[in-house]
Amino acid sequence: MTEGKSPIDWMTVAAIGVLAMCVVTFDHEALGHGSACLLLHGHIRLLTSSLFRCDVRSGWIDPAGPGMNLLIGTIALVAQRLIPSERTKLRLFLIALTAFSFFWEGGYLIRAMHRRDGDVYYFAQFMLGDVTLAERWAFAIAGLALFVFCARRTSRALLDLCPRASAARSLARILWISATAGAAAAALAYRESGWGNLRDAVLEIGLASFPLLILPIRGQTTGGVPPVIRRNPITIGLAVLVYCAFVATLGRGLGV
């Protein structure tokens, strides 16, 4: 794919999307929930790309996954401002990392309060006891605020990287397609929960980050300096290696 005189290689952008998906999923399930389980002297009974079970029951395990994603997403958001403009691929990776992290947790918070289940709802029960309707609305509004903030910040970051709106949308769509397809394919490696693992993986990465299909809505329609993202075998090779490791571990499922 080429925009103007500056090439944008779709394979390299897709590789960045896959890398971001692997990192965000690992942060939530393994680094977040998994670390909390081990810190509480528990044993991990099941760890997949969207399912987690620990033999210790504690209200502190539930928020560890969302909390880790919010932490990593925030670090990536701050880091975007520190990376030189010429480091296009790294900046795009950080944009994807923040987007997938914040969209996941913002959307998940809304869904959890609506369905009365999920990590954040269980943590709210742990802290508050009976979660009232007003409290559920407060949490849901917080989730919506995070979701809207992420959409606005992602749109601005994409336009900073690529002022031409059409080219910026192409970048975002490639990130979304590669990450969603990667999450779905990895989830298929675990068959013991039926379609539950696949459903949750697609919801968390694909459906939650659907704004990437339309962002940025506004921007320059002509002119602007498009980014230079040439084919990078190192980035593509790294994505292949990381993804293979991801499928072989969280994809197939770990546990005792």
Side-chain angles (χ1 to χ4, degrees), residues 8 12-36 49-50 63-109 119-120 142-162 168-169 171-180 182-183 186 201 204-213 215-216 227 229 232 234-236 238-239 241-243 245-246 250:
I8 300 177
T12 301
V13 176
I16 292 171
V18 170
L19 282 170
M21 179 278 295
C22 291
V23 171
V24 169
T25 304
F26 174 83
D27 289 341
H28 184 107
E29 302 295 349
L31 196 57
H33 291 313
S35 295
S49 58
S50 67
M68 186 59 66
N69 265 4
L70 292 176
L71 174 62
I72 298 301
T74 300
I75 292 173
L77 179 62
V78 173
Q80 291 174 38
R81 299 178 178 272
L82 306 177
I83 302 300
S85 58
E86 61 270 16
R87 301 293 298 274
T88 307
K89 291 186 291 294
L90 179 55
R91 289 180 64 192
L92 185 61
F93 171 73
L94 293 172
I95 291 170
L97 207 59
T98 300
F100 290 135
S101 296
F102 285 3
F103 279 138
W104 178 344
E105 303 310 334
Y108 191 65
L109 184 52
D119 297 335
V120 182
L144 179 61
L146 176 61
F147 200 86
V148 172
F149 168 79
C150 183
R152 292 174 63 88
R153 187 64 191 87
T154 301
S155 181
R156 182 68 266 168
L158 287 168
L159 288 173
D160 287 343
L161 193 69
C162 184
R169 279 193 294 272
L171 287 176
R173 288 169 182 172
I174 293 171
L175 290 174
W176 184 89
I177 291 170
S178 62
T180 303
E204 293 160 356
I205 294 295
L207 184 60
S209 60
F210 79 89
L212 290 176
L213 293 172
L215 293 176
I229 305 180
N232 189 300
I234 295 177
T235 301
I236 296 171
L238 178 62
L241 290 175
V242 170
Y243 186 69
F246 181 81
L250 270 69

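Each residue takes its place number in the sequence, starting with 1.
- Side chains of F100 and L212 form a contact here, defined as non-hydrogen atoms less than 4.5 Å apart.
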Any chance you could lay out the side-chain contact (heavy atoms from CB on, under 4.5 Å) test for W104 and T25, step after step, and finish with the verdict?
CA-CA 10 Å; W104 178 344; T25 304; 4.2 Å; yes
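- L90 contributes atom CG, which lies 4.5 Å from atom CD1 of I83 (distance to the nearest 0.5 angstrom).
- Of the options I16, I8, T12, V13, a side chain to side chain contact (heavy atoms under 4.5 Å, CB included) to I174 is made by V13 and by none of the others.
- When all heavy atoms of F147 and G106 are compared, the closest pair comes out as CD1-C, 4.3 Å.
- The line from CZ of R169 to CG of L159 is 9.0 Å long, rounded to the nearest 0.5 Å.
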Report the C-alpha distance between V18 and F246 in whole Å, list the side-chain angles of each, state the deciding distance to 0.1 Å, and finish with yes or no for side-chain contact (heavy atoms from CB on, under 4.5 Å).
CA-CA 10 Å; V18 170; F246 181 81; over 6 Å; no
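- Of the possible polar contacts, one joining the S35 side chain to the L31 backbone as a donor-acceptor pair under 3.5 Å is found.
- Considering CG of L97 and OG1 of T74, their distance stands at 10.5 Å, rounded to 0.5 Å.
- Atom CG of L250 is separated from atom CD of E29 by 7.0 Å, given to the nearest 0.5 angstrom.
- Using the six-membered ring where Trp is involved, F102 and F149 have ring planes that are tilted, between 30° and 60° apart.
- Counting only heavy atoms from C-beta outward, the side chains of L146 and L109 never approach each other to under 4.5 Å.
- At distances below 3.5 Å, at least one donor-acceptor pair connects side-chain atoms of S178 with backbone N or O atoms of L175.
- Considering every non-hydrogen atom in both G17 and A179, the closest pair reads O-CB, 3.6 Å.
- T98 has its side chain out of reach of R153: every pair of non-hydrogen atoms, C-beta onward, lies at least 4.5 Å apart.
- Contact of the T88 side chain with the L161 side chain is registered, since non-hydrogen atoms from C-beta on lie closer than 4.5 Å.
- Side chain of Y243 to main chain of A186: a donor-acceptor pair is present (N/O by atom type, distance under 3.5 Å, no hydrogens or angles).
- A distance of 9.0 Å separates OG1 of T180 from CG of L207, quoted to the nearest 0.5 Å.
- F103 and T154 get closest at one heavy-atom pair: CE1-OG1, 4.4 Å.
- Taking a 6.0 Å sphere around CZ of R87, one finds it holds 12 or fewer heavy atoms contributed by other residues, nucleotides or ligands.
- With rounding to the nearest 0.5 angstrom, the CE atom of M21 is 8.0 Å from the OG atom of S49.
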Please step through side-chain contact (heavy atoms from CB on, under 4.5 Å) for the pair V24 and N69, ending with a clear verdict.
CA-CA 7 Å; V24 169; N69 265 4; 3.7 Å; yes
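- Taking the side chain as every heavy atom from C-beta outward, R91 and D160 approach each other to under 4.5 Å.
- Shortest non-hydrogen contact noted between A64 and A36 is CB-CB, 3.6 Å.
- The number of heavy-atom neighbours closer than 6.0 Å to CD1 of I234, taken from other residues, nucleotides and ligands shown, is 12 or below.
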Given D119 and H28, is the side-chain contact (heavy atoms from CB on, under 4.5 Å) satisfied, shown in steps?
CA-CA 11 Å; D119 297 335; H28 184 107; 3.3 Å; yes
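- Within the 4.5 Å cutoff, the side chain of L171 has no heavy atoms near those of the I95 side chain.
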